[in-house]
Every structure is written in structure tokens, then in C-alpha cells.
Amino acid sequence: RAQYYTLLGTILDRQGDAEGANEAWVEARSLSSGIAAPGLKAELNFYVALSAWSSKDLEETEAIARQSISEHPAGELDSNPYHPAISLAFTYELLSMVEGVHERYENQIALLKRGLDVLGASPQQHVWAEGSLLNNLASIIPEVRRPDVAKLVREHATQLRWNSEMPGWAYNVYRALGWSEALEGNEIAAFRDLREAEGHAPSIPRRIEVILDRSFLFASIGEKVSARERFDEADQLCAKVDWNATEGEDRYALLWGAELAASFDPKRAAAMIRRYKMIRKPMNPLLVASANLRRWQAYESDAFGVVAGANGNVSEGLLHLQTALRVWDSLGFNWRAAKTARAVARLTNAELHLADATKRASSYSQSWLARPA
């Protein structure tokens with residue numbers, strides 16, 4: 001009965017009936033108060049915290065989640081089917097998302113690792129929960145350059161039985177691992193991971209993105225023919241996409257494609273930017289909230305700047321690129337800032353910008369970032 005009211009409250013909450021949800025959750029808490037079943041209580045706390053997160057109440061989300069964790073110490077096992085591992089792992093994940101909004105990435109990493117530890121202590125593998133936590137860890141690498149975290153993600157990913165309901169997560173994980181390897185100068189490993197990601201691509205636009213990644217890396221090591229072949233493959237797939245139906249990260253394929261095309265076909269690149277701007281469907285709210293909004297603005301500014309500069313609009317291009325550079329710097333995403341600084345240097349050829357690009361790339365001395373642009 002306690003679990004029934006927990007799930008009923010969650011259903012009512014998702015239907016927008018906050019009062020009904022709270023009544024059901026109060027009943028669930030009352031019924032579970034005298035039961036030695038920590039899994040039930042952890043599950044209830046998680047769904048209540050998730051409701052607060054959905055309402056963008058970060059303080060309430062954090063308060064409920066931390067209270068739940070304090071009530072259910074790691075490693076606590078339950079003799080009945082309601083094992084707390086999954087709910088506790090998801091609670092750590094919720095806390096990590098709060099930290100991510102505040103751009104406290106080291107805290108975010110620590111909480112996600114703690115969630116994986118909780119799952120690891122369980123006598124059985126919880127594929128869905130582990131995949132979710134790995135997906136969130138992948139969103140941080142290689143942004144903050146933590147090879148140790150990349151290694152941890154790879155160890156878990158290679159042992160996880162990715163199923164047909166999780167292609168987007170597997171895609172994100174292997175694509176992030178590919179970029180992490182590329183930034184360390186391990187192109188062979190990067191290509192391997194990117195091909196693995198392509199095999200998990202949940203949609204044509206996401207497949208386009210990772211094909212463009214490979215095109216970019218081929219160009220960065222001087223393989224211009226292979227780079228162009230991969231770009232043409234991606235471009236042909238673009239014609240099969242109804243871009244007006246996209247509402248989320250799928251749209252990035254157009255921005256990334258335009259940025260790459262600018263180096264050899266500026267007019268083609270400009271056409272892709274126009275196509276991107278013609279999409280009228282609103283973006284997914286999750287992508288226009290908090291730090292995600294700034295990240296997306298930087299993606300746009302990078303593409304707009306490179307394409308404008310390639311078409312002779314130097315001042316406009318520089319304005320966009322400097323906007324992107326400020327965002328990447330504020331987020332602490334150093335490799336993206338270094339990539340944008342290279343684009344600025346190519347556009348102006350000014351000694352100041354060349355020196356800045358060289359300095360930023362020095363931390364990635366083995367990667368394409370340190371090679372002449």
C-alpha cells in the first residue's frame with residue numbers, strides 16, 4: 001500500500017495535480033513509517049525530490065535528497081524486494097544535477113561516482129540506473145578534462161549490457177569518450193569510440209553529429225580526403241531529416257556541419273545556418289534552462305562566427321566568436337575555449353590572438369589543439 005500511494009502521488013504530480021500528489025505521498029509516508037523497509041522510504045523521498053526538481057525548486061530538491069541519504073546510509077541492505085540501491089543512486093544523481101546547475105563540476109562528479117558506488121554494492125546489476133549515471137558523467141567529460149573519470153566511465157560502459165531502451169545514453173557515453181581521447185592525442189582510440197557511438201545513435205541527426213566529429217578529426221590530422229568523404233556522408237543524411245520537427249540537441253548537427261563546411265564551402269555553410277534559423281519549433285525547456293542555455297548560446301556563436309568570417313564578414317564573425325569565448329571561459333570548459341580562440345586567430349591573424357590561441361592550446365600539447373590551425 002505504501003508503494004501504491006508513492007506511485008499514485010508520482011502519477012498525479014506528473015499530471016499537474018500537486019494537491020492530490022501531496023495527499024498520496026503523505027499517506028505513503030504514514031504507511032511506511034512503521035515498516036522496516038528502507039527501500040520504500042528511499043523510493044518515496046526520491047520521487048518527492050524529483051517533483052521539486054521538476055518545479056525548479058533547487059533548494060527543496062537538495063534538502064529532500066540530502067535528508068534521504070542521511071536516513072539510508074550506503075551499503076544498507078533490505079531483506080525484502082525493495083532494495084534502496086536504485087532510489088539512492090537516483091537521489092545522488094538528482095543532487096549532482098543541482099550541483100551541475102550551479103556549475104560546481106567537481107561536486108557533480110563526486111556525487112555521480114557515489115551513486116555508482118551504491119549500485120556497485122548491490123548484489124545485482126541495475127542496468128537502467130547505471131546507464132543513467134554514466135550518461136550524466138559523460139556530459140562532464142571531456143569538458144573539465146578528468147582522464148580518471150573517463151577511465152571510470154569506460155570501465156563501467158564496457159561491462160554494461162546496454163539495451164535497446166538506452167541508445168541515447170550509450171551514444172553520449174562513447175562520443176564523450178572519443179573526444180576525451182582526441183584531446184589527449186589518442187586519435188586511433190578516438191576514432192574507435194566515435195564509431196561505437198555511431199552504432200548507438202538514437203536518431204539520424206545524432207548519427208550526423210558523430211560522422212562530423214570524425215570528419216573534423218580526419219581534417220585535424222591532415223587526412224583531407226577522408227575528412228571530406230565523411231562530411232559528404234553527413235551532408236547527404238541531412239537531406240533526410242525533417243529539421244522543423246526537431247526540438248533539442250538534434251539541431252546541433254546543423255551548427256556543427258556549418259562550422260566544418262565554412263573551411264571549404266562558405267556559401268554551403270551559410271545555407272546550413274539559414275536552415276537552422278528557419279526552425280520555428282521551440283527548444284526543449286531542459287536545453288534553455290540555466291547553464292544549458294549558455295552552453296547552447298556558445299554553440300550557436302561558434303558556428304555563426306566561423307561562418308560569418310568565412311563569408312567575409314570579419315567584424316560580425318569576431319563578435320560572435322568573442323561571445324562564445326566568454327561563455328566557455330565562464331563555464332571553465334577550457335578545450336572549447338581553446339578551439340574558439342583558434343577560430344579567432346584564423347579570422348584576424350593578429351599577434352595578440354595568435355598568442356592567446358597558442359597559450360590556451362599548451363595544456364593540450366598532444367592533441368590537435370596544439371597543431372597549426
Colleague: Would you call the rings of F304 and Y276 parallel, tilted or perpendicular, taking 30° and 60° as the class edges?
Modeller: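 Aromatic pair F304/Y276 classed perpendicular.
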Colleague: Please give me the minimum heavy-atom distance between I69 and L88, naming the atom from each residue.
Modeller: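 Smallest interatomic distance, heavy atoms only, reads CA-CD2, 4.4 Å.
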Colleague: In a check of salt bridge (charged side-chain N to carboxylate O under 4.0 Å, His left out) between R214 and each of E198, E187, E229, E223, which one passes?
Modeller: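 Looking at E198, E187, E229, E223, the match for R214 under the salt bridge (charged side-chain N to carboxylate O under 4.0 Å, His left out) is E198.
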Colleague: Indicate if Y252 and L194 have the same hydrophobic cluster label, given that clusters are the connected sets of ILVMFWY residues with side-chain heavy-atom separations under 4.5 angstrom.
Modeller: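 Yes, because Y252 and L194 connect within a single hydrophobic cluster, where side-chain heavy atoms sit under 4.5 Å apart.
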Colleague: Under a 4.5 Å side-chain heavy-atom rule over Ile, Leu, Val, Met, Phe, Trp and Tyr, are L255 and V306 clustered together?
Modeller: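 As far as the 4.5 Å side-chain criterion goes, V306 and L255 are not connected within one cluster.
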Colleague: If we ignore hydrogens and angles and just use 3.5 Å, is the side chain of N313 paired with the main-chain N or O of E316 as donor and acceptor?
Modeller: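 No.
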Colleague: Tell me whether the rings of Y299 and W296 are parallel (<30°), tilted (30 to 60°) or perpendicular (>60°).
Modeller: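 Ring orientation, 0 to 90° scale: perpendicular.
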Colleague: Just wondering, are more than 12 heavy atoms of other shown residues or ligands nearer than 6.0 Å to CD in E155?
Modeller: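 Yes, the 6.0 Å shell around CD holds more than 12 heavy atoms from other groups.
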Colleague: Can you measure from CZ (R146) to CD1 (I140) and round to the nearest 0.5 angstrom?
Modeller: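 These two atoms lie 9.0 Å from each other.
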Colleague: Would you say the side chain of S132 lies within less than 4.5 Å of the side chain of F90, judging by non-hydrogen atoms?
Modeller: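 Yes - at least one pair of side-chain heavy atoms lies under 4.5 Å apart.
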Colleague: So N334 and R145, side chain to side chain contact (heavy atoms under 4.5 Å, CB included) or not? Walk me through it.
Modeller: CA-CA 8 Å; N334 295 331; R145 197 181 188 187; over 6 Å; no
Colleague: Quick check: do R342 and L369 have side-chain heavy atoms less than 4.5 Å from each other?
Modeller: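 The answer is yes, as the side chains (C-beta and beyond) meet within the 4.5 Å cut-off.
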Colleague: Show your reasoning for whether side chain to side chain contact (heavy atoms under 4.5 Å, CB included) applies to W53 and I64.
Modeller: CA-CA 10 Å; W53 167 262; I64 297 170; over 6 Å; no
Colleague: Can you pull the ring pair (Phe, Tyr, Trp, His ring centres under 6.0 Å) pairs that have at least one residue in residues 227-249, sequence neighbours excluded?
Modeller: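 Output for this query lists F231-F264.
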Colleague: Please report the shortest heavy-atom distance between W179 and P142, naming the atom on each side.
Modeller: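 Result for this residue pair: CB-CG, 3.8 Å.
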Colleague: In Å and rounded to the nearest 0.5 Å, what is the CG to OG1 distance from L50 to T10?
Modeller: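 L50 atom CG to T10 atom OG1 measures 8.0 Å (nearest 0.5 Å).
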Colleague: For the residue pair A89 and L133, what are the closest heavy atoms and their distance?
Modeller: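 Result for this residue pair: O-CD1, 4.0 Å.
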Colleague: Looking only at atom types and distance, does a side-chain atom of S51 sit under 3.5 Å from a main-chain N or O of Y47, one as donor and one as acceptor?
Modeller: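 Pair absent, no side-chain N/O of S51 close to backbone of Y47.
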Colleague: Taking S96 for its side chain and E93 for its backbone only, find out whether a donor-acceptor pair lies under 3.5 Å.
Modeller: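 Yes, because the side chain of S96 sits within donor-acceptor range (under 3.5 Å) of the backbone of E93.
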Colleague: Indicate if I221 and L212 have the same hydrophobic cluster label, given that clusters are the connected sets of ILVMFWY residues with side-chain heavy-atom separations under 4.5 angstrom.
Modeller: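 Yes; L212 is reachable from I221 via cluster members.
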Colleague: Mind checking salt bridge (Lys or Arg N to Asp or Glu O under 4.0 Å) for E300 and listing every partner two or more places apart, or none if nothing turns up?
Modeller: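 If we apply the salt bridge (Lys or Arg N to Asp or Glu O under 4.0 Å) test to E300, skipping adjacent residues, there are no hits.
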Colleague: With distance as the sole test, does S367 use its side chain to make a donor-acceptor pair with the main-chain N or O of G185 at under 3.5 Å?
Modeller: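 Not at all, since once roles are kept as given, no pair shorter than 3.5 Å links the two residues.
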Colleague: Supply the atom-to-atom distance F46 CZ to I86 CD1, rounded to the nearest 0.5 angstrom.
Modeller: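 Here the rounded value is 10.5 Å.
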Colleague: Taking all non-hydrogen atoms of both residues, which atom of N311 and which atom of V307 are closest, and how far apart?
Modeller: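 Here N311 and V307 meet closest at ND2-O, 2.9 Å.
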Colleague: List the steps and the verdict of side chain to side chain contact (heavy atoms under 4.5 Å, CB included) for R230 and F218.
Modeller: CA-CA 9 Å; R230 296 289 75 74; F218 273 125; 3.9 Å; yes
Colleague: What's the spacing between T323 OG1 and D302 CG if we round to 0.5 Å?
Modeller: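 Answer for the OG1-CG pair, T323 versus D302, is 10.0 Å.
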Colleague: In this structure, are over 12 heavy atoms from other groups packed under 6.0 Å from Q125 atom CD?
Modeller: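 Yes, enclosed.
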Colleague: Evaluate whether atom NZ of K281 has more than 12 neighbouring non-hydrogen atoms of other residues, nucleotides or ligands under 6.0 angstrom away.
Modeller: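 Yes, because the 6.0 Å sphere around NZ of K281 holds more than 12 heavy atoms from other groups.
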Colleague: Working to the nearest 0.5 Å, report the span between CG of L137 and CD of Q108.
Modeller: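 Spacing of CG (L137) from CD (Q108) equals 8.0 Å.
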Colleague: Taking NZ, NE, NH1 and NH2 as the nitrogens, is one of them in R207 or E233 under 4.0 Å from a carboxylate oxygen of the other?
Modeller: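 Looking at E233 together with R207, the answer is yes, because their closest N to O distance falls below 4.0 Å.
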Colleague: Provide the full list of side-chain hydrogen bond (donor to acceptor under 3.5 Å, both in side chains) pairs with a residue in residues 347-364, sequence neighbours left out, each pair given once.
Modeller: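 Checked against side-chain hydrogen bond (donor to acceptor under 3.5 Å, both in side chains) - neighbours excluded - the pairs reaching residues 347-364 are D329-R360, T348-H353, D356-R360.
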Colleague: In terms of hydrophobic clusters joined by side-chain contacts under 4.5 Å, are L44 and L8 together?
Modeller: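 No, because L44 and L8 fall into different hydrophobic clusters, even though each may have its own neighbours under 4.5 Å.
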Colleague: Where do L321 and V344 come nearest, in terms of heavy atoms and distance?
Modeller: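 Scanning both residues, the minimum pair turns out to be CB-CG2, 3.7 Å.
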Colleague: Tell me every residue that passes salt bridge (Lys or Arg N to Asp or Glu O under 4.0 Å) with E99, counting only those two or more places apart in sequence or in another chain.
Modeller: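 For E99, the residues satisfying salt bridge (Lys or Arg N to Asp or Glu O under 4.0 Å) (neighbours in sequence not counted) are R104.
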Colleague: Kindly indicate whether the side chain of R275, heavy atoms from C-beta on, has any atom under 4.5 Å from the side chain of N244.
Modeller: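 A side-chain contact under 4.5 Å exists here.
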Colleague: So do the side chains of T91 and N45 get within less than 4.5 Å of each other, counting heavy atoms only?
Modeller: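 The answer is no; the side chains never approach within 4.5 Å.
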Colleague: Taking the side chain as every heavy atom from C-beta outward, state whether I208 and C238 have any pair of such atoms under 4.5 Å apart.
Modeller: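 Sidechains of C238 and I208: in contact.
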Colleague: Any side-chain heavy atom of L95 sitting closer than 4.5 Å to one from R114?
Modeller: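 No. Closest side-chain heavy atoms not under 4.5 Å.
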Colleague: Cut-off 3.5 Å, no hydrogens considered: what does the side-chain donor-acceptor table look like for residues 169-177, sequence neighbours left out?
Modeller:
from : atom 1 : to   : atom 2 : distance (Å)
Y171 : OH     : R206 : O      : 2.5
Y171 : OH     : E209 : OE1    : 3.4
N172 : ND2    : N135 : OD1    : 2.8
N172 : ND2    : G168 : O      : 3.2
R175 : NE     : D213 : OD2    : 2.5
R175 : NH1    : E209 : OE1    : 3.1
R175 : NH2    : D213 : OD1    : 3.1
R175 : NH2    : D213 : OD2    : 3.2

Colleague: Ignoring hydrogens, what is the shortest heavy-atom contact between S68 and A42? Give both atom names and the distance.
Modeller: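 Shortest heavy-atom contact: OG-CA, 4.2 Å.
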Colleague: Applying the side-chain contact (heavy atoms from CB on, under 4.5 Å) test to I204, which of V241, D250, D242 qualifies?
Modeller: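 Output: one option passes, namely V241.
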Colleague: Taking N186 for its side chain and A189 for its backbone only, find out whether a donor-acceptor pair lies under 3.5 Å.
Modeller: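 Between the backbone of A189 and the side chain of N186 there is no qualifying donor-acceptor contact (under 3.5 Å).
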Colleague: How long is the straight-line distance from CG of L331 back to CZ of R336, given to the nearest 0.5 Å?
Modeller: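 Result: 10.0 Å between the selected atoms.
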Colleague: Determine, step by step, whether V101 and M97 satisfy the side chain to side chain contact (heavy atoms under 4.5 Å, CB included) criterion, reporting the C-alpha distance in whole Å, the side-chain angles of both residues, the deciding distance to 0.1 Å, and the verdict.
Modeller: CA-CA 6 Å; V101 169; M97 291 161 67; 5.8 Å; no
Colleague: Looking at side-chain heavy atoms only, is the closest gap between V210 and H200 below 4.5 Å?
Modeller: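 No; the side chains remain at least 4.5 Å from each other.
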Colleague: Tell me every residue that passes salt bridge (Lys or Arg N to Asp or Glu O under 4.0 Å) with E181, counting only those two or more places apart in sequence or in another chain.
Modeller: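 Applying salt bridge (Lys or Arg N to Asp or Glu O under 4.0 Å) to E181 gives R154.
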Colleague: Report the relative orientation of the aromatic rings in W256 and F216; use parallel for angles under 30°, tilted for 30 to 60°, perpendicular for over 60°.
Modeller: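 Rings of W256 and F216: tilted, as their planes differ by 30° to 60°.
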Colleague: Determine whether L7 and L94 fall in the same hydrophobic cluster, where Ile, Leu, Val, Met, Phe, Trp and Tyr are linked whenever their side-chain heavy atoms lie under 4.5 Å apart.
Modeller: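 Result: yes, single cluster for both.
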Colleague: Would you call D232 and R228 a salt bridge, using N to O less than 4.0 angstrom?
Modeller: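 Yes, charged N to carboxylate O under 4.0 Å.
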Colleague: Side chains of W25 and R29: does their closest heavy-atom pair fall under 4.5 Å?
Modeller: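 Contact flag for W25/R29 side chains = no.
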